[in-house]
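In this text the structure is predicted, and so the values were computed from the model without any measurement. Heavy atoms only: backbone and side chains are in, while hydrogens, waters and symmetry mates are out. A note on names: the letters A, B, ... follow the listed sequences, proteins ahead of strands, and every chain is numbered from 1.
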Amino acid sequence: MPGVIARTGHLTDLAIDRYVQGELGDAADEHLGGCEGCRRRVDEARGFDAAVVVLPPRGVRARWWPAAVAGAVAAAAAVVLAVGTGGSGPAGDELRAKGGAFHVEVHAHDGARSRRLASGDAVRPGERLGFRVQARDAGYLLIVGHDARDHLYVCYPQDTRGAAARLEPAVRPRAVDQAVRLDDVPGRESIHAVFCPRPFTLADVAPASGSGPPSLPAGCTRQIYELEKQP
Amino acid sequence: MDLTELYRRYAAMVLRRVLRFFPRDEGEEIVHEVFLRVVERAESFRADASPTTWLYRVTTNHCLNRLRDDARRRELWLEHGAWSAAPVVQEPDQEAQLQLRDFWGELDDDLLAVCVYYYVDGMSQDEIARVVGCSRATVGNRLAALRERARAKGAASCPE
């Protein structure tokens, strides 16, 4: 597609942005198929967007912040939570092994750079975890964390009182507009993304015994990331 | 245009663009300024246009306005422009490009924006035309004016 390739022979920054936002689609796929550097730029941009929440202005500047924008920023900022540490759970990319009904990526952002996480990766206090999600069929998604104190907490969605979010089918992953911020207690932390064809809530995945990792409701699938928080 | 949705979806992307011009510790504040500009100029957004391209232009223009200080413009050139386009431009362009940094801080806003899209971002003239909202011929004319200005300045600085 003319106009998306820079004079360097690679995608322009704008083309990368448009591709990440789903505006270019197949137009850039041909180049990305043969260019590892541009694929890495796309991954970095997606990771950054998934992990970063731009906070609202503070102090005197906030007085000049229009109400319309203030509402938007407050909604985004409200989902940045301090979360617990530790925990454990079953390992691996369970969902993909079951045929790719849905997929969740976890990205960490340290304030300057972002990176995509895999089970077993290390994270650090203060980093923000963001998520990119994709489902082959419509369903409901709840991402929860399980910490060393055996507490369950909701990572996404955080504004529904524990109800899973409706996920529409998509051919590309999209970033959710919520993130969690890690606190400073070192230890293991497991992130469980539970996907069901019908609505469900946090109560449905809470273990019946009252302790232990989240349970999996019948007919649902899940993907689990085990992370290690280092001081 | 739903401003809330726009902010939720694009604020991080705007921050990435801002960080091409400014350090991380200034980024968040500048994103706030960009969205204030978005509120002011919301009527200029066409419903059928690409929001990404529109925000890219608004963000770039705002950053360049903040970079009016000559020293900061020179810094931008040294950080990005000097290396990003050098390997691919033709010989006459290389000569002009080397001289452009001498008057980077003197360019008016329109010329500076084209200069940034061309030399810093490496965009083609077609893509610049789409982002700026003018014809490819206009972009070509602006680039020609830039080169002519660079050559004239270069010639003037050489001993006779």
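- Counting all heavy atoms, side chain and backbone alike, A:Arg18 lies closest to B:Ser50 at NE-OG, 3.6 Å.
- Contacts of B:Arg9 with chain A are made by both backbone and side-chain atoms, with heavy-atom separations under 4.5 Å.
- Heavy atoms of other residues, nucleotides or ligands lying less than 6.0 angstrom from CD of A:Gln230 number more than 12.
- With a threshold of 4.5 angstrom between heavy atoms, B:Val131 approaches chain A through side-chain atoms but not through N, CA, C or O.
- Within the 4.5 Å cutoff, no side-chain heavy atoms of B:Tyr56 are placed close to those of A:Thr12.
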Under 3.5 Å, side-chain donor or acceptor atoms of residues 194-202 of chain A against the rest of the protein: list the pairs with distances, not counting sequence neighbours.
| unit_1 | atom_1 | unit_2 | atom_2 | d |
| --- | --- | --- | --- | --- |
| A:Arg198 | NH1 | A:Ala218 | O | 3.3 |
| A:Arg198 | NH2 | A:Ala218 | O | 2.9 |
| A:Thr201 | OG1 | A:Ala203 | N | 3.3 |

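- Considering only residues two or more places apart in sequence or on other chains, A:Glu44 meets the salt bridge (Lys or Arg N to Asp or Glu O under 4.0 Å) condition with none of them.
- Side chains of B:Thr52 and A:Gln21: a donor-acceptor N/O pair is absent below 3.5 angstrom, by distance only.
- With a 4.5 Å cut-off on non-hydrogen atoms, A:Ala45 touches chain B through its backbone and its side chain both.
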Under the criterion side-chain contact (heavy atoms from CB on, under 4.5 Å), I'd like the reasoning laid out for B:Met13 against A:Val20: C-alpha separation, chi angles, the key distance, then a yes or no.
CA-CA 9 Å; B:Met13 184 197 80; A:Val20 167; over 6 Å; no
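- The line from CE of B:Met123 to CG of A:Asp13 is 7.5 Å long, rounded to the nearest 0.5 Å.
- Checked for salt-bridge contact, A:Asp17 and B:Arg16 meet the test: a charged N lies under 4.0 Å from a carboxylate O.
- Here the side chains of A:Leu14 and B:Tyr117 are not in contact, with every heavy-atom distance at 4.5 Å or above.
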